[in-house]
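Structure record follows, encoded as structure tokens.
In each ligand, atom 1 is the first atom listed, and ligand 1 is the first ligand listed. Counting from 1, the numbers follow the sequence of the chain as shown. Computed from a predicted structure; not experimentally measured.
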Amino acid sequence: MHETMVAESLLATISDEAAKQNAKPVSARISCGMLNAINDEVLCFAFEAIAKDTVCEGMKLQVEHKPIQGRCKNCKQSFDVEFCRPSCPTCGSEEFDLLPDAPLLLETIEFETE
Ligand SMILES: [Zn+2]
């Protein structure tokens, strides 16, 4: 399952960082594009399962879905595409290219402070 692979790579990255900081991670923020087929609940569940008995046990994951970006063919501005009103916010043109969906990124890790 896709989410399990994502959870494993997150766990590896967070564990590495925790070892470097010599601290216990309490939460992490992840972002990904809207088209990235990540189910937050499945991901959190998968993460919880593999984090058991590791330094990451009990951590909270927050997943932020980023809007799709478009680039206007008329004025070349990039903007967040709203599917209910797909047009350039700068010049109003409806001619634009969709930019590639945002990759899954580990944004921040919060560590326990003593
Ligand atoms: Zn425009």
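Distance CG/Leu99 to OG/Ser78: 5.5 Å, rounded to 0.5 Å. The distance from atom CD of Glu107 to atom CD of Gln62, rounded to the nearest 0.5 Å, is 11.0 Å. Taking SG of Cys56 as the start and CD1 of Ile14 as the end, the distance is 5.5 Å to the nearest 0.5 Å. To the nearest 0.5 Å, atom CD1 of residue Ile50 and atom CD of residue Glu57 are 12.5 Å apart. Between Ile109 atom CD1 and Thr13 atom OG1 the span is 7.5 Å, to the nearest 0.5 Å.
Annotation: protein N, O or S atoms under 2.8 Å of the Zn ion (ligand 1) (waters excluded) comprise Cys72 SG, Cys75 SG, Cys88 SG, Cys91 SG.
In this structure the side chain of Lys73 never reaches within 4.5 angstrom of the side chain of Ser93, judged on heavy atoms.
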